[in-house]
Amino acid sequence: MMITSRITIYLIAACLFGTASFAPAKEKAAPKEKAGAGTSEYTKGVQLLDSQQYDQAVMEFTRAILANDKQPAFYEGRGFANFALQRFPEAGDDFSKAIELSPKDMRAFVGRAQVLLQQKNYQQALADTEKALEIKPDEIAAIKLRGFAELGLSQWDKAIADFTNVIQKKPDDLQTYDRRALAYRGLKNFDAAIADYTFLLEKNPNDTEALTKRGYTYSLMGQYEKAIPDYEAALKLNPQDNDTFSRLQWTQGQLAAKNATPRTATTTAPTATPEKPSLITQINPLYIVIGIVVLILIVVIVRLITRGKAEETSHIIR
């Protein structure tokens, strides 16, 4: 379905947000026990990560790990680079190693939660975000990712609470409005979802995603006359969107059916012509009984009359 597929793509983008900001801080990079082994490689890896040169960043972080395999920051940095390259199993392994070396590494829990979200392991992702928030309760990234996990688990109320918390702290985080709108839709609070999509369109009238999703929400409300303009506006911006075109056609059909005048029945069902009863069916059973009784009486009377009468004989002597 169109809406679902777009949500999935949006979630991928969401998990990539602030990758550079998640990169481990440089002050963590100088392990005392090896007198700075791997520090220069790690620093270069962070720079490459910031400039989105992810393959090169992976190589530098790997060099840092070879120089010092006890520094969680090195695995963490490589984990974010692998995640940006959508190498999710490798990223998950790196974050898990960082957590093994440093169980209080909040960034590693946040990083692994992103991987788990991509793998649709929402329950474990939720657990990792909870752990990150135990370590740092006000971490906005962890709150937002927890909202994503709650969305995946259809925990609409909790997701709305987390997304609202993020919006209060970062009112310019437009993506969170989109996610909250989805949670509102899950609760069938369509008016609140419409409000969030409308806010996004006020910020960017050419947001085809928001137009399509608001149109879809209107159609769920049965307000087809409002859904159609949103679909048409989205198609004007992206004429090749076949999913939106199909949805527009469906909505137009629904509106036409809604507005159609109900037909008044002009014909009535034909009534069956009464069947003329046969002669036999018209004979009352009582009449039959009476007839039989009369016949019996006649026979009896005749017998009584003829009983005392002498029978005539012949006078001829034989």
Side-chain angles (χ1 to χ4, degrees), residues 1-18 117-118 120 122 140-141 143-256 258-259:
M1 184 176 178
M2 170 197 60
I3 297 296
T4 304
S5 63
R6 289 184 176 178
I7 287 170
T8 304
I9 294 170
Y10 223 50
L11 180 59
I12 293 173
C15 290
L16 290 173
F17 82 95
L117 285 170
Q118 289 302 309
K120 303 187 187 306
Y122 300 119
I140 295 178
I143 296 172
K144 184 172 182 176
L145 290 173
R146 184 172 67 181
F148 289 159
E150 289 160 346
L151 273 183
L153 294 169
S154 300
Q155 297 177 5
W156 312 120
D157 285 317
K158 292 181 179 180
I160 289 168
D162 276 338
F163 292 140
T164 300
N165 191 357
V166 172
I167 288 170
Q168 289 172 347
K169 295 177 179 180
K170 290 185 65 179
D172 59 340
D173 186 350
L174 300 183
Q175 187 198 44
T176 303
Y177 288 91
D178 176 89
R179 300 295 81 203
R180 188 174 69 176
L182 176 61
Y184 277 133
R185 218 165 63 195
L187 279 179
K188 300 189 184 305
N189 187 347
F190 298 128
D191 288 330
I194 291 293
D196 276 347
Y197 290 133
T198 300
F199 176 82
L200 292 174
L201 289 166
E202 289 172 354
K203 294 293 183 180
N204 179 13
N206 294 329
D207 186 344
T208 56
E209 292 284 342
L211 282 167
T212 301
K213 291 172 184 176
R214 189 174 70 174
Y216 179 66
T217 306
Y218 276 133
S219 71
L220 291 176
M221 300 169 73
Q223 298 183 15
Y224 306 118
E225 65 281 357
K226 292 183 179 180
I228 289 171
D230 278 349
Y231 288 141
E232 289 175 337
L235 285 170
K236 187 175 180 180
L237 294 167
N238 182 14
Q240 306 303 318
D241 189 342
N242 293 327
D243 287 334
T244 299
F245 180 74
S246 297
R247 192 165 293 278
L248 171 62
Q249 288 186 314
W250 181 87
T251 305
Q252 289 171 331
Q254 293 297 112
L255 180 61
K258 180 181 177 181
N259 293 336

Contact summary for Pro229 and Glu225, nearest pair of heavy atoms
CD-O, 3.0 Å
Kindly give the heavy-atom pair with the smallest separation between Gly215 and Ala227, and that separation in Å.
O-CB, 3.2 Å
Roughly how far apart are Tyr224 OH and Leu248 CG, rounded to 0.5 Å?
13.5 Å
By salt bridge (charged side-chain N to carboxylate O under 4.0 Å, His left out) - contacts of Arg214 (at least two apart):
Asp230
Sequence neighbours excluded, which residues qualify as side-chain hydrogen bond (donor to acceptor under 3.5 Å, both in side chains) partners of Tyr218?
none
Please list, one pair per line, the donor and acceptor atoms closer than 3.5 Å that link side chains of residues 147-156 to other protein atoms, with sequence neighbours excluded.
from: Glu150; atom 1: OE1; to: Ala159; atom 2: N; distance (Å): 3.3

Give, for atom CD1 of Ile167 and atom OG1 of Thr176, the distance between the pair rounded to the nearest 0.5 Å.
6.0 Å
State the CD-OG distance between Gln254 and Ser219, to the nearest 0.5 angstrom.
9.0 Å
Filter on ring pair (Phe, Tyr, Trp, His ring centres under 6.0 Å), then keep only pairs touching residues 168-192, sequence neighbours left out; what's left?
Tyr177-Phe199
Counting C-beta onward and ignoring hydrogens, is there a side-chain heavy-atom pair between Thr244 and Asn238 closer than 4.5 Å?
no
Who pairs with Ser246 by side-chain hydrogen bond (donor to acceptor under 3.5 Å, both in side chains), at least two apart in sequence or on another chain?
none
Any side-chain heavy atom of Asp173 within less than 4.5 Å of one from Lys144?
yes
Whether over 12 other heavy atoms sit under 6.0 Å from Lys169 NZ:
yes
So which atom in Leu211 and which in Pro205 form the shortest heavy-atom distance, rounded to 0.1 Å?
CD1-O, 3.9 Å
Closest approach of Leu200 to Leu174 (non-hydrogen atoms, all atoms of both residues)
CD2-O, 3.3 Å
Side-chain touch Thr164/Ile160, heavy atoms, less than 4.5 angstrom
yes
Once you round to the nearest 0.5 Å, how far does CG of Asp196 lie from CG of Asp191?
11.5 Å
Filter on salt bridge (charged side-chain N to carboxylate O under 4.0 Å, His left out), then keep only pairs touching residues 151-168, sequence neighbours left out; what's left?
Arg146-Asp162
Point-to-point distance, once rounded to the nearest 0.5 Å, from OG1 of Thr208 to CG of Leu235
10.0 Å
Atom CD1 of Ile228 and atom CD of Gln223: how far apart are they, to the nearest 0.5 Å?
12.0 Å
State, yes or no, whether a side-chain contact exists between Asp178 and Tyr197 at a heavy-atom distance under 4.5 Å.
yes
Name all residues meeting the side chain to side chain contact (heavy atoms under 4.5 Å, CB included) criterion together with Asp172; count only those two or more places apart in sequence or in a different chain, and write none if there are none.
Lys170
Could you check whether any side-chain heavy atom of Arg179 comes within less than 4.5 Å of a side-chain heavy atom of Val166, counting everything from C-beta outward?
no
Side-chain heavy atoms of Arg185 within contact of Lys213, under 4.5 Å
yes
